[in-house]
Novice: 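Pasting in a structure now, in structure tokens, and then I'll have a few things to ask.
Not measured: the values here are computed from a predicted model. What you see below is based on every heavy atom in this structure, not just the backbone, and it leaves out hydrogens, waters and symmetry mates.
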Amino acid sequence: MDYMDNIRNKLALLPDLPGCYLMKNQEGTIIYVGKAKVLKNRVRSYFTGSHNGKTQRLVANIVDFEYIVTSSNMEALILECNLIKKHMPRYNVLLKDDKTFPYLKITNEAHPRLEVTRRVLKDKAKYFGPYPNSYAAQQTKKLLDRMYPLRKCGVMPKEVCLYYHMGQCLAPCEKEVPKSAYEEIIQNISSFLGGGHDAVRKDLQKKMQEAAEELYFERAKELRDQIQHIDAVMEKQKINTADTKDRDVFGYAVDKGWMCVQILYMRQGKMIQRHSSAFPFYGEAYSDFMSYVTQYYSDNPALPQEILLPDMASAGMLPPEADSAAGQGSGGPEAGGMPSGQALMAALGAEDESEASVQTGETVSAGEALAAALAAADDAVQGQEEQEEQEAVAEGTVDAAGGAAALQEWLGIKVLVPQRGLKKQMIGMACQNSRVALNEKFRLIERDEERTSGAASSLGQSLGLDSLNRIEAFDNSNIQGANPVSAMVVFIDGKPSRKEYRKYKVRTVQGPDDYETMREVIRRRYERVLKENLPQPDLIVVDGGKGQISSAIDILQNELGLFIPVCGLVKDDKHRTAQLLVGDSAEPVSLARDSQEFYLLQRIQDEVHRFAITFHREQRGKSMVTSKLDSIPGIGDKRRKLLLKHFGSLKKIKEASIEDFKVLSIGEKLAGQILEALKDEEPSI
């Protein structure tokens, strides 16, 4: 149930934004890629309601998912195509002809042409796109053909064609067309496709209104369609670029002492992948970010053609407005805000600091609401930016331009800190991904704390306890009675308290007697609790059934006078938690297998078993080394420790030569005896 719990948590935090989602199976392989206008609604639909046969097979294999937020449905469409071609997911419809999105192209010829193409070549032509709508691209080409008279024919004809008479061609087949005329036309088309289409659009709107007022509705409809085609083909996107360069685009965000770094991989001009890392940072944010970038490329020999880095003002803490736009949703306790206070910091501190985040997805921009919020935030800091950078440099931290220049000199490739345009928008996309990922991390921690604390309280109610704050759990470990050990773990409010874990070497029990081992360990633990006035648990959990429970209760009540509830966890034939038994009579407690209470018991049992088996392996390894070396005449405790300290392991001692022992003042005769004794030893230590 572990993966289903993770999926439920992530579903509750999905953003109300467009984007792509990537479904993964148990091996972590991407098995399906989809797009959505609203990620929250689309991804949730897979796990609710009924589906057809194929979708049921897909959902049955999903154990995790990632998502990438985009700024428009068009970007989601293009990104979906890139990801499908990259990962070839099993459940996607795959394009056998490698179909791509259309571009508008001005050919590099003596008499250039404007055409629609799906191939981007290094032929010195000008490319604009890609465009998600082929029909809109064709219609926009028709509009440009009417406005700018480039030649239309593939092979030059012997006489002028109809296009010349319609004013849509300069007739280079019969007339000498100066190069300056072509340059002016190409400049106008480039300006139109590069964003200067507003004037043409306004003129078409004016003509449409005039036609409608004069009741020429067919003409008005034709003009309206042309405007819609222009809008569709001129919609901005940051997923693909026409220059086919390989780029790594960096972005980062910081909040509550944590940093998330996102790398968007653009290959052949297409965004195909994302790498995400989240970690605590302790210094100045931009300096630590640049340190991360440097370490990343020191371990990564595959360099792109260009690296794009954010400036100091591009990232920062998530504004409240952006937070709501980044996916909190609305209504219900699951849509709560960011966690705060000591509980959150304790939860973050308990995590592995080397953890690589997320999940999860790859990003773009975050819609109009987020753009407005970020713009407001940028306006607020714009006046202070120069002063802050000067202060940062004065304090010895890294400035953006200096860091980029140093990185460029070291790597030998172009490193840029864009200030405007498409590349700046790409960085904004990466930074927004970082904010979304960091926001999700905090909210998952918050949900985990709430659910875990609630699970402990519900478990106490199921057992008839007034409160269940402290749980102490025990497990024994041995192999046919050899090296018997036991371990205890402590859970407070449903969370492990690792500083209170304890290990026990079993002293009085001979052979594989689990009941007597339990009696000894319970006695030793709670004699000390009474003697040192330590906190007593609200519940004791033992690994096993009625025998282990009875042994623990006998020691507690009859020897120590303690009346602490004891329960046992029984495993099935696959060594998974199967049932909870309570009291001396070992009465079973009914808990749903998918409940948070049952999941908490699973975590406790897995944790105490892990702790016990790790301790047992340590002891077994030490005893194997000790017994083998101690059996050699002339090797006592002092020399055994000296040998292990010098060589590091029994295997290294076995592989040593007689000369290697001389530095330890061990002569050839004794060295030979050591090597002979270890000759048949398995190299397991």
Novice: How long is the gap from CG on L562 to OH on Y526, to the nearest 0.5 Å?
Specialist: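 OH of Y526 is found 9.0 Å from CG of L562.
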
Novice: Could you pull out all residues at least two apart from E607 that satisfy side-chain contact (heavy atoms from CB on, under 4.5 Å)?
Specialist: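 Here the qualifying residues are V489, F491, R498, Y501, R610.
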
Novice: First locate atom OG1 of T70, then atom CE of M429, and finally report the distance between them rounded to the nearest 0.5 Å.
Specialist: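 Answer for the OG1-CE pair, T70 versus M429, is 8.5 Å.
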
Novice: First locate atom CD1 of I471, then atom CD1 of I492, and finally report the distance between them rounded to the nearest 0.5 Å.
Specialist: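 I471 atom CD1 to I492 atom CD1 measures 10.5 Å (nearest 0.5 Å).
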
Novice: Any chance the side chains of Y252 and Y292 put a donor and an acceptor closer than 3.5 Å?
Specialist: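 Judged by distance alone, the side chains do not pair up.
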
Novice: Can you confirm whether I604 sits close enough to D606 that some side-chain heavy atom of one is under 4.5 Å from a side-chain heavy atom of the other?
Specialist: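 They are not in side-chain contact.
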
Novice: Do any N or O atoms from the side chain of T517 and from the backbone of D513 form a donor-acceptor pair under 3.5 angstrom?
Specialist: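 Yes.
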
Novice: Under 3.5 Å, is there a donor on one side chain and an acceptor on the other for N476 and S486?
Specialist: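 On atom types as modelled, these side chains qualify, holding a pair under 3.5 Å.
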
Novice: Evaluate F289 against V261 for side-chain contact (heavy atoms from CB on, under 4.5 Å), listing each step before the verdict.
Specialist: CA-CA 8 Å; F289 164 72; V261 177; 4.0 Å; yes

Novice: State, to 0.1 Å, how close Q536 and V529 come at their nearest heavy-atom pair, and which atoms those are.
Specialist: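 In terms of heavy atoms, the two residues are closest at CG-CG1, 3.8 Å.
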
Novice: Looking at every heavy atom in both G583 and I553, which two are closest together, and how far apart are they?
Specialist: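 That would be C-CD1, 3.8 Å.
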
Novice: Please answer whether the main-chain N or O of N469 pairs with a side-chain N or O of D538 as donor and acceptor at a distance below 3.5 Å.
Specialist: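 Yes, the answer is positive, given that a donor and an acceptor are paired below the 3.5 Å cut-off.
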
Novice: Give, for atom CZ of R528 and atom CG of N533, the distance between the pair rounded to the nearest 0.5 Å.
Specialist: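 Between R528 CZ and N533 CG, I get 13.0 Å after rounding to 0.5 Å.
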
Novice: Are L591 and L459 close enough that some pair of their side-chain heavy atoms sits under 4.5 Å apart?
Specialist: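 Yes, at least one pair of side-chain atoms sits under 4.5 Å.
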
Novice: Whether R524 and E520 form a salt bridge (side-chain N of Lys/Arg under 4.0 Å from carboxylate O of Asp/Glu) is what I want to check.
Specialist: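 Result for this pair is yes, salt bridge flagged.
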
Novice: Please indicate whether N558 has more than 12 foreign heavy atoms, meaning atoms of other residues, nucleotides or ligands, lying under 6.0 Å from its CG.
Specialist: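 More than 12 within 6.0 Å, yes.
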
Novice: Should we count CD of Q26 as having more than 12 external heavy atoms under 6.0 Å?
Specialist: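 Atom CD in Q26 is not packed in, count stays at 12 or less.
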
Novice: Carefully, step by step, assess I62 and K24 under the rule side-chain contact (heavy atoms from CB on, under 4.5 Å).
Specialist: CA-CA 5 Å; I62 297 173; K24 296 183 176 182; over 6 Å; no

Novice: Check step by step if side-chain contact (heavy atoms from CB on, under 4.5 Å) holds for L580 and L463.
Specialist: CA-CA 10 Å; L580 174 66; L463 298 175; 3.8 Å; yes

Novice: Any chance you could lay out the side chain to side chain donor-acceptor pair (under 3.5 Å) test for S276 and Q262, step after step, and finish with the verdict?
Specialist: CA-CA 5 Å; S276 176; Q262 300 270 334; 2.9 Å; yes

Novice: For residues E597 and S458, report the shortest heavy-atom separation together with the two atoms involved.
Specialist: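 Shortest heavy-atom separation between E597 and S458 comes out as OE2-CB, 3.2 Å.
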
Novice: At their closest point, which heavy atom of A456 faces which heavy atom of D493, and how far apart are they?
Specialist: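 Closest heavy-atom pair between A456 and D493: CB-C, 4.2 Å.
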
Novice: Name the residue from Y46, F65, F47 that meets the ring-ring contact (aromatic ring centres under 6.0 Å, His included) definition with Y21.
Specialist: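 Of the listed residues Y46, F65, F47, the ring-ring contact (aromatic ring centres under 6.0 Å, His included) partner of Y21 is Y46.
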
Novice: Just so I know, are the side chains of R523 and V521 near enough to count as touching, which here means a heavy-atom distance under 4.5 Å?
Specialist: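 No, side chains not in contact.
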
Novice: S477 versus F611: any side-chain heavy-atom pair under 4.5 Å?
Specialist: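 No; the side chains remain at least 4.5 Å from each other.
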
Novice: Rounded to the nearest 0.5 Å, how far apart are CZ of R435 and CG of D255?
Specialist: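 Going from the CZ atom of R435 to the CG atom of D255 covers 10.5 Å.
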
Novice: Considering only heavy atoms from C-beta outward, does the side chain of V293 approach that of F250 to under 4.5 Å?
Specialist: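 A side-chain contact under 4.5 Å exists here.
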
Novice: Please table the atom pairs, donor to acceptor, closer than 3.5 Å between any side-chain atom in residues 539-548 and protein atoms at least two apart or in another chain.
Specialist:
unit_1 : atom_1 : unit_2 : atom_2 : d
D543   : OD1    : Q605   : NE2    : 2.7
Q548   : OE1    : G545   : N      : 3.1
Q548   : NE2    : D514   : OD2    : 2.7

Novice: Do D554 and R519 come close enough that some side-chain heavy atom pair is under 4.5 Å?
Specialist: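 Yes, at least one pair of side-chain atoms sits under 4.5 Å.
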
Novice: When you check the gap from the basic side-chain N to the acidic O, do E472 and R470 get nearer than 4.0 Å?
Specialist: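 Judged by the 4.0 Å cut-off on N to carboxylate O distance, E472 and R470 do form a salt bridge.
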
Novice: Are V38 and L17 close enough, and set up right, to give a side-chain contact (heavy atoms from CB on, under 4.5 Å), and what steps lead you there?
Specialist: CA-CA 5 Å; V38 181; L17 296 168; over 6 Å; no

Novice: In Å, rounded to the nearest 0.5 Å, how long is the span from CD1 of I522 to CZ of R525?
Specialist: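 Going from CD1 on I522 over to CZ on R525, the span is 9.5 Å.
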
Novice: With a 4.5 Å limit on heavy-atom distance, are the side chains of V43 and M23 in contact?
Specialist: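 A side-chain contact under 4.5 Å exists here.
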
Novice: If you look at every heavy atom in L465 and L468, which pair is closest and at what distance?
Specialist: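 Of all heavy-atom pairs spanning L465 and L468, the closest is CD1-CD1, 4.1 Å.
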
Novice: Is the closest side-chain heavy-atom distance between E587 and V589 below 4.5 Å?
Specialist: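 No. Closest side-chain heavy atoms not under 4.5 Å.
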
Novice: Can you name the closest pair of heavy atoms from L438 and W258 and give their distance?
Specialist: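 The answer is CD2-O, 3.9 Å.
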
